[in-house]
Every structure is written in C-alpha cells, then in structure tokens.
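Below you'll find the structure, written out as structure tokens, and then a few comments.
Computed from a predicted structure; not experimentally measured.
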2 protein chains.
Amino acid sequence: MADKPKKTTILDIAAIANVSTATVSRVLSNSDYPVKQEVREQILAIAKDLAYSPNLFSRMLKGADSKEIGVIIPSVANPFYSQLVASVEGVCIKHDYVPIICSSYNTPELQLKHIEMLKQRCVSGILISVLTTDDEVINQLKELDTNIVLFDQTFESKDFDSVNFDFYKAGYMATEYLVQNGHRNIAFATAPLERRSRKLFYKGYRKALEDYGIEFEVTNLVVSKVENDAITTDFHYQNGKNLAKMILEKEKLPDAIIAINDMTAFGIINFFEANEIVVPADISVMGFDNIPFSEMISPSLTTIEQPINLTGRLATEMLINKIEQKTDYERTVKLEPKLIERKSVRKKNKILRKEKNDL
Amino acid sequence: MADKPKKTTILDIAAIANVSTATVSRVLSNSDYPVKQEVREQILAIAKDLAYSPNLFSRMLKGADSKEIGVIIPSVANPFYSQLVASVEGVCIKHDYVPIICSSYNTPELQLKHIEMLKQRCVSGILISVLTTDDEVINQLKELDTNIVLFDQTFESKDFDSVNFDFYKAGYMATEYLVQNGHRNIAFATAPLERRSRKLFYKGYRKALEDYGIEFEVTNLVVSKVENDAITTDFHYQNGKNLAKMILEKEKLPDAIIAINDMTAFGIINFFEANEIVVPADISVMGFDNIPFSEMISPSLTTIEQPINLTGRLATEMLINKIEQKTDYERTVKLEPKLIERKSVRKKNKILRKEKNDL
DNA sequence: ATCCGCATAGCAAACGTTTACTACACCATA
DNA sequence: TATGGTGTAGTAAACGTTTGCTATGCGGAT
C-alpha cells in the first residue's frame, strides 16, 4: 500500500527511555534477565504508549518459535474435517498459536508440497492425518525436525506421538450390531481401501462376521473406483450414490449395508429413496463418524461415533505440550468408538454370538 | 528438536561459487539485475545441489511479501464457510499463497484479535466477511495498510474491493416463489438480524410481500435469541429447532416459512417431522444458501443458491490481483441469486403479481 | 585521446531482534 | 583487605537476506 507509517521498534523505545536495546529487549521479550523494576515499568509504559508490537520475523530469524501449527487433513470441505479443524483452532487460539490448514486431497504430491511449505515457514509443529504408511511419507516426516502429532488416521508408532482411534473395533461394533439385529447378508460399501483406517474398519467387519459364524461373500465388498477425494463437500455423498447403484445391480440385495462413512451412507440412502427402496424397511444402512448431519437426515442415521472434537482437542494439546517441552503428558491416546442408535437399521430377531464351543 | 542440521544459506553458495552473496542473491531471488549467464547457471546448480531454500524470515525482515492471506469468516465448522475456504485454498495454492483461516464466531473481540495477529504477520492481504458496518470495524480495516477484499457479506464501499451477493434480491425471490405458489401467510425465521446480509434478505422478503399486496404481520418475523454463533457445526440447526418450536406455539400456523439459511431450514423441518407435521404438505419451508446437504435431506430443500465456490474463487483472485498490483481487473462483483426448486415447498394455485395499476 | 554508457561484480549497510560477553558497583564473607 | 558473588546495564555480533553504492573493464562515440 501507499506509505507505511514505520512501526515502532525497540530502538525507538530505547532512545526514549535512555537505555540500550538490550535492556528493552529483555523487558519486552519476558526474558528472566533481571532489570530494575523502575526501568522495566518505564519501558513497558513507553511500549504501550507507542503501540509497540515486536517484529516476528526478526525474532524468528534469531531462531524463535514461529507459533504456527500446520494441520494437514484430507479436505476442509469435508464436514468431518472442518469440525476437527474448528476444535483445533479453538485450542490454538487459547495458547496463542496459529493453525495453518492444509488440505491434501489425498494426493501425495500436494501433501509433500504442504510439508515443504510448512518446513520453510519453520512451524512450531505439525498435526497430520497420515493417509498411508508408505515408508516414503514416514521417513519424510521423521526427517522433518519438528514436532509432530499424528491424528485421525490410526498409525501407532514409537517415532511419533498420536491420538488414535480404534477403527478395528468400530468396524466390529457396526457389524455386530447388525448381526445382533438379525442381519446376515451384510455389504460393506467403501471408497478404495488404501487408507489404513479403512482397512482396519474393514478388518473389524470381517472379524465380526467370522465370530458370528457368517461366511463372507466376496461380492459383499463393494468398492468404488475413485482414487482421490475431490475438492467438493459432496464427494463421498456422490460416491455413496454410485455404490448404491452398484449394490442394486447385484442379483441379490443384502439385508444391510455398512458405509465407510456417514456421507457415503447419505448418498446410499438417497439413491435408494429415489429408487423406491425404503430404508430401513427394505434394507438397513449403517454409517460411521457421526457427523452432525447424521441426526438431521431422514431416516436419522445409526452410526458409530468417532469423537471429532475430542480428537482435535487432545491432539492439539498434545502437540503444544510437546512444543513447549512439557514432559508430563500422555504420548499416545486411543479413543473408543461408540454406537449411536438411530433409525436407519431395522431390528429383526436378536441373534447371539456363537460361542467358541458351539463350533 | 535435537540437532538442527544447519540449513544452507546464500553464504555457503557464495563460498562454493566463489562469488559474493550479492550475486547469489540476485540470481536466487529472480532479480532483474544482470548476472553473467555462466555464473548464473553455476549458482543455480549449486543451490539445487545443496537443496537451498531461502529463509523467508530474513526476506520478510527486508520487507518482502509474506505470501500469506488472512481469511476471516464466522466459523469453519459451518459447512457453507468450509466450502468457501476450500475454494479459497484452491486458488491460493495455485498462486503460491498460504491461507490463514480465522473463525471469528461473530465476536468482535476475536475478530480484532485475528486482525492484530494478521497485521503482525504482515500478511499480503486479507479476505474478510465483514459482519457489521460498525464504523469501528471499518475504520480499523481502513487503517490496516494491507490489501483487503470483502466477500460474503454484502458491503459495497468505495474503500474496498469486494465480491458481493444480492441478498435483497434473494429474499425477494424466495418470497415471490412462495407467493406465486399460493402461499400468503409466510413466516420469516432467523437468527438475530444484526448482520447486513440478513437485514437485506429480510428487506427483500418485505418488499415482495408489499409488491404482491400481502400485509406483513409482525408475528411472522420469528427471531431466535442467540447472539453469537457457537463453535459447533450444528449451531444453526439447533437454532432452527428452536424457531420451529416458536412457530408451533403461535395461534395460527403459517403456510410457509423462509429460513435465514439452509441449516436453519434443516432444523425446522426436523422439528416439524418429530412433531408429526409434514413438510411440505402441512407447511412449506424455503432455505437459503444451497449447501450440498440441501439435496441430501428429505424432503430435499427448495432454496436460493448463493454461489459459494464462485465467491471464494473470485474473491481470492481479486485479492491476488490486488496484491500483485495488476490493474486490469474488476474491483466489484455482484453475484446473482438463483432459485433451486426441490421438494420442500408445496405448490398450490399460482398467483400473479399485482400490477401497479391494479392498486 | 577522452569521455560516456553499459555489463558485471563486490562491499557493506540495513532490516529488528536476541544474547554472549564484558563491565561495574555493591555487599558479604573470609 | 582481598575475594567473590549478585544485581544491573551496555556493546556488539549474529540471524540470512536484499540493495544502494562503488568499482572495474570494455566498446563506441566524439
């Protein structure tokens, strides 16, 4: 813009107070170096008077902390992640950090670009939802000498602090609930299973089937073709529609469907509705995430809750603890899934788990 | 972290290439100062070899552009804004800027805090959804000698570039559509009308009523008590439930309701559904925004579209043009509302507008 | 032969801090 | 009286760039 009004510097203050810049700096940077109370107060007063605010860049040039936290997620447009971001932001503000939101859209190159950018900005730390356990990404993170906390995507590692979620158990619980309510032919509808979290969720599903003595049918794993999440909010929703279409094309309709997330479930339900198939009367649908919309749609969605806000809050607090070199905090937290019973699953006859000795 | 591996600086490069740092800087900062081709290439080669990346802080200390763009919005958790943020992010990445997302939750103090923070970081520009036309905020923005583009909240001003939206027309269109489909007793359900955009939308509603010769009833303006948007995604949804409750408590149920936004409409519809009132058979509901979920709920929501992605894209491009001192671009854009016809409004007998000479 | 402009390059200051080092006065202890 | 600690303050280097100024050599115009 036109004419910068020359911000006040410690030099100005030093001149007025008739002391050296060193002294001013000591006072204004909250150093524990002793400065006479009288002088300290005078400097503080002048600083306030001149509306002094330190130049962050020179501080950082001297190696100070940038007070920025990189937050790498698949997509801000996805309501699950935008809520996560909101909770991260809340904690950041409280501790005077600034979150830098980076959507990776599941593309490694973009993720790499973001990481480079964050490195260049010397962020104080990074909160990241690691999508793959590729050695490449992991090594890249290890080399990045900054504070890192993993979240959202379960990836326990001695190398990183993390806030995890029991995806396996979540998949198990979803399946078990369906089985116990009389469903046997259960489809699993998902975007490609390359993510660790999705794989685990799927494994939970398989294990539950096994435990209840239900044979898994290959055609019940319904996977859409898409690779990368698009930029739009309704990506998974559209995906759900596709999956529903695929399911309708099967020779035999399943009793129930487990969707890889709530948005997908919405798409599935909507497609069914448009095709005169009633949920849950004709077919049951189970979601995963429990995003706020789950209770807004009709029928309201029975789903497994993933504690979004808690995840964001804990992960951010963990990271800040790490940055500020606190020592007394948990370095790994594993959050538990919780079943949220609503109206998208039909309750048929109750079925109990086959005990081992039944077999 | 443990031991920083000492990043390479132009000094290292200068030493190897046997030239001065000035020359290295000139090459590496794309200055137009002439440097012999041979030397230039050598320096470039060495830089690449040592994986040199410039220290942003020293550059900024010298007054360079921070390449950051502050984005101030009411709340990231709100799907409308998270989609907006996504489109802003997309443009930013293309031009190598980094968006800094700031949720103000409609609290002036927080907004002020964010602005202070952005100022301190010497951001290249700010994209802001101005909620009030308080002189305080406006002056504060004017004094902020940085590039500013207003968006989302219509506030045309000679002092700022802006991407506007015709809220007045939107309100008019919503109302007109309802009237033309046979509704006369139309309630307007909203959070407090302190925002300019809401006021305009409301004025459009009033004007349409007037043009169609329908007398406005005071009790048809239903306003919830809440002041500030909360941090959660479902704030407006809950608000909608409250509003629906208030409406149900009226002695006479209106034919139709215009909700201040889609999320509010969802809440209203949901509350009605829970109370055995069928939308649109018993009462029609009209939304505003056309967020992706509008077509996911049941009944799908008839609403007025506000072009989110276009807004984000245009505003960001405008700001970057401004930052980079381009001159040939529009400084004010006004986007048009569009009616999206779905299933939440019942079509009764068509009614035409009273012509002026009818009166 | 002189002067000028131009291409090229280096020197060193400057951006605003922080901090290692030095200085010195004061007081307590041996 | 010498010794040393402690509280307080200043000097100047350093962080990694950019850039105004100066310098040199060279070709062309006068």
task: State whether B:Ser25 places a side-chain N or O below 4.0 Å from either non-bridging phosphate oxygen (OP1 or OP2) of D:dT17.
output: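 False: B:Ser25 side-chain N/O out of range (4.0 Å or more) of D:dT17 OP1/OP2.
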
query: Given C:dG10, is OP1 or OP2 found less than 4.0 Å from the side-chain N or O atoms of B:Ser20?
result: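 True: B:Ser20 side-chain N/O within range (under 4.0 Å) of C:dG10 OP1/OP2.
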
Going from [atom1] on [X] to [atom2] on [Y], what distance comes out if it is rounded to the nearest 0.5 angstrom?
X: A:Glu116; Y: A:Leu144; atom1: CD; atom2: CG; answer: 8.0 Å
X: B:Leu319; Y: B:Tyr329; atom1: CG; atom2: OH; answer: 8.0 Å
X: A:Leu44; Y: A:Leu28; atom1: CG; atom2: CG; answer: 6.5 Å
X: B:Asp152; Y: B:Ile128; atom1: CG; atom2: CD1; answer: 10.5 Å

query: Should the pair A:Glu317-A:Arg313 be classified as a salt bridge under the 4.0 Å nitrogen-to-oxygen rule?
result: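 Salt bridge: yes.
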
query: Base, sugar-phosphate alone, or nothing: which one does A:Thr9 contact when heavy atoms must sit under 4.0 Å apart?
result: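 The answer is sugar-phosphate, as A:Thr9 gets under 4.0 Å only of primed atoms, P, OP1 or OP2.
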
task: Name the nucleic acid region contacted by A:Ser29, choosing base, sugar-phosphate or nothing; use a 4.0 angstrom heavy-atom cut-off, strictly under.
output: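 Sugar-phosphate, backbone atoms only, no base.
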
Pull out every protein N or O sitting under 3.5 Å from an N or O of nucleotides 22-27 of chain C, one pair per line with the distance.
none

query: What's the closest nucleotide to the A:Thr23 side chain, out of D:dG10, D:dT17, D:dG7?
result: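 My answer, after comparing the listed nucleotides, is D:dG10.
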
field: Closest nucleotide among C:dT18, D:dC21, C:dA12 to the B:Thr21 side chain
entry: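 Closest nucleotide to the B:Thr21 side chain: C:dA12.
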
- request: Kindly state each residue pair satisfying side-chain hydrogen bond (donor to acceptor under 3.5 Å, both in side chains) with at least one member in residues 10-21 of chain B, sequence neighbours excluded.
  value: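 Listed once each, the pairs are B:Ser20-B:Thr23.
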
field: Any residue of residues 35-44 of chain B with a heavy atom less than 4.0 Å from an atom of DNA chain D
entry: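 Within this stretch, nothing sits under 4.0 Å of the strand.
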
- prompt: Got a sec? Which of residues 52-70 of chain A come in under 4.0 Å of DNA chain D, heavy atoms?
  reply: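 Output list: A:Leu61, A:Lys62.
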
- prompt: When you measure from the side chain of B:Ser162 to the backbone N and O of B:Asn164, does any donor-acceptor pair fall under 3.5 Å?
  reply: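 Side chain of B:Ser162 to backbone of B:Asn164: no pair is present.
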
Donor-acceptor list for residues 117-127 of chain B side chains, cut-off 3.5 Å, not counting sequence neighbours:
unit_1: B:Arg121; atom_1: NE; unit_2: A:Glu68; atom_2: OE2; d: 3.0
unit_1: B:Arg121; atom_1: NH2; unit_2: A:Ser66; atom_2: O; d: 2.8
unit_1: B:Ser124; atom_1: OG; unit_2: B:Asp65; atom_2: OD2; d: 2.3
unit_1: B:Ser124; atom_1: OG; unit_2: B:Lys67; atom_2: N; d: 2.9

message: Please give me the minimum heavy-atom distance between A:Arg195 and A:Asn106, naming the atom from each residue.
response: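 Heavy atoms only, the tightest pair is NH2-ND2, 2.8 Å.
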
Atom [atom1] of [X] to atom [atom2] of [N]: distance rounded to whole Å?
X: B:Arg121; N: C:dG16; atom1: CZ; atom2: C1'; answer: 16 Å
X: A:Asp32; N: C:dT18; atom1: CG; atom2: C1'; answer: 13 Å
X: A:Lys7; N: C:dC15; atom1: NZ; atom2: C1'; answer: 13 Å
X: B:Leu28; N: D:dT19; atom1: CG; atom2: C1'; answer: 16 Å

Output side-chain donor-acceptor pairs under 3.5 Å for residues 95-103 of chain A, partner residues at least two apart or in another chain, one line each.
unit_1: A:Tyr97; atom_1: OH; unit_2: A:Glu324; atom_2: OE2; d: 3.0
unit_1: A:Ser103; atom_1: OG; unit_2: A:Val76; atom_2: N; d: 3.1
unit_1: A:Ser103; atom_1: OG; unit_2: B:Glu89; atom_2: OE1; d: 2.7
unit_1: A:Ser103; atom_1: OG; unit_2: B:Glu89; atom_2: OE2; d: 3.4

query: Could B:Arg59 and B:Phe57 be counted as a cation-pi pair, given that NZ or CZ must be under 6.0 Å from the ring centre and within 45° of the axis?
result: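 No.
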
